[in-house]
There are 2 protein chains.
Amino acid sequence: MKFSKATDYALHALMYMIHRDGETTKIPVQDLSLALNVSTTYLSKVLTRIVKANYISSTSGAKGGYRLQQNWENVSVYDIVVAIDGVQTLFEDSFDHGEECRIQATMMEAQENLINTLKNKKLKDLTV
Amino acid sequence: MKFSKATDYALHALMYMIHRDGETTKIPVQDLSLALNVSTTYLSKVLTRIVKANYISSTSGAKGGYRLQQNWENVSVYDIVVAIDGVQTLFEDSFDHGEECRIQATMMEAQENLINTLKNKKLKDLTV
DNA sequence: CCAATTATAGATATTATAAATCTATTATAT
DNA sequence: ATATAATAGATTTATAATATCTATAATTGG
């Protein structure tokens with residue numbers, strides 16, 4: 001019952017990018033890696049997922065790097081969680097008690113409240 | 001980012017006990033094991049934690065078993081989660097950005113909403 | 001075109017944790 | 001005394017997260 005470190009890395013990397021230049025410059029993973037003290041290989045593997053999800057762009061080669069997309073302000077914390085870990089179910093009932101299982105319903109309700117909090121928090125809100 | 005199966009087992013075992021006899025009879029783990037289709041050894045290991053947390057009692061030996069405590073109605077789903085998995089932090093920030101880290105604050109807020117949902121749901125509510 | 005730089009992909013290794021089993025021990029009723 | 005039942009500790013198995021390594025593809029500047 002934990003969020004992944006990868007999500008933590010991604011969020012901090014994004015905040016670094018936002019605070020540094022906004023969506024104006026490309027930032028190579030090495031810079032981010034240095035700032036966060038996480039290996040370049042792993043961090044780039046993580047960031048590639050954010051690229052796939054289209055919240056940042058990337059360009060290979062010299063002078064390349066990662067850059068925020070114009071829409072970054074509307075991206076929620078939950079979007080990042082999903083981009084990294086996929087849509088997770090916090091609770092997988094081992095029993096086939098069906099729809100009317102109140103235990104499952106309770107867990108789902110709790111999970112919804114968690115998710116909604118993260119959906120309502122945009123990256124922009126974290127910069128204020 | 002998952003609840004443990006053990007918690008699932010415990011909750012279902014408790015519901016079985018509640019529905020069967022309330023706090024009147026001792027139920028050996030073998031009965032529960034049969035009802036849930038979980039091994040007796042593992043289930044008893046799980047239930048022992050619920051005993052330690054004082055939400056059920058146990059007696060060894062012939063005609064022994066597990067029995068609900070009189071206070072079971074006031075026990076929340078969160079109480080069971082904690083009894084099994086301990087107090088968990090859903091998010092452990094890898095960076096020492098301190099109190100004012102907004103990422104951490106957001107995750108904590110989301111976690112609080114999750115926990116409060118589970119605190120407000122009593123075992124009694126699951127039986128209705 | 002060449003060399004340097006940078007992201008990506010795939011395979012693999014490492015760690016950590018949950019899930020489950022096994023054995024021995026202790027307690028209780030008949 | 002014997003059968004029943006919980007508990008404790010050690011150990012195994014399974015699974016997922018974390019991380020590294022190597023090779024490949026793309027881009028820039030000379």
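A quick note: this is a predicted structure, and the numbers were derived from the prediction, not measured. Letters A, B, ... mirror the listed sequences (proteins, then strands); counts begin at 1.
Whole-Å rounding puts the A:Arg49 CZ to C:dG10 C1' distance at 13 Å. At whole-Å resolution of the value, CG in B:Asp8 and P in C:dA18 are 15 Å apart. The OH-C1' distance, from A:Tyr42 to C:dA7, rounds to 17 Å in whole Å.
The existence of a salt bridge linking B:Lys5 and A:Glu92 is excluded, since no basic side-chain nitrogen approaches an acidic carboxylate oxygen closer than 4.0 Å.
You'll find the side chain of B:Leu14 stays beyond 4.5 Å of the side chain of B:Trp72, heavy atoms only. Using a 4.5 Å cut-off on side-chain heavy atoms (C-beta onward), A:Ser57 and A:Tyr66 make no contact. Contact annotation: the side chain of A:Thr117 never approaches that of B:Gln111 to less than 4.5 Å [non-hydrogen atoms, C-beta and beyond]. Proximity of B:Leu11 to B:Leu123: side-chain heavy atoms (C-beta onward) are separated by under 4.5 Å at one or more points. Between B:Leu118 and A:Met107 the shortest side-chain heavy-atom distance falls below 4.5 Å. Counting only heavy atoms from C-beta outward, the side chains of B:Asp93 and A:His12 approach each other to under 4.5 Å. When side chains are defined from C-beta on, B:Phe3 does not count as touching B:Asp8, because their heavy atoms never get closer than 4.5 Å.
When only modelled atom types and interatomic distance are considered, B:Ser76 and B:Asp79 share a side-chain donor-acceptor pair under 3.5 Å.
Heavy atoms of A:Ser4 sit under 4.0 angstrom from primed sugar atoms or phosphate atoms, though from no base atom. Residue A:Lys52 is classed as a sugar-phosphate contact, given heavy-atom separations below 4.0 Å to backbone atoms only. Among the protein residues, B:Tyr9 comes within range of the sugar-phosphate backbone only, with heavy atoms under 4.0 Å from sugar or phosphate atoms but none that close to a base.
Look at A:Ser44 and you won't find any side-chain N or O under 4.0 angstrom from OP1 or OP2 of C:dA7.
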Which atom pairs link the protein and nucleotides 3-6 of chain C when you take only N or O atoms and keep those under 3.5 Å?
{"from": "C:dT5", "atom 1": "O2", "to": "A:Ala62", "atom 2": "N", "distance (Å)": "3.0"}
{"from": "C:dT6", "atom 1": "O4'", "to": "A:Gly61", "atom 2": "O", "distance (Å)": "3.1"}
{"from": "C:dT6", "atom 1": "O2", "to": "A:Gly61", "atom 2": "N", "distance (Å)": "3.0"}

Which atoms of nucleotides 11-16 of chain C (N or O only) lie under 3.5 Å from a protein N or O atom, and what are those distances?
{"from": "C:dA11", "atom 1": "N6", "to": "A:Lys45", "atom 2": "NZ", "distance (Å)": "3.3"}

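Contact footprint of chain B on DNA chain D: nucleotides with an atom under 4.0 Å from a non-hydrogen protein atom, first to last in 5' to 3' order, D:dT4 to D:dA10.
Formation of a donor-acceptor pair under 3.5 Å by the A:Thr25 side chain with backbone atoms of A:Asp21 is not found in this model.
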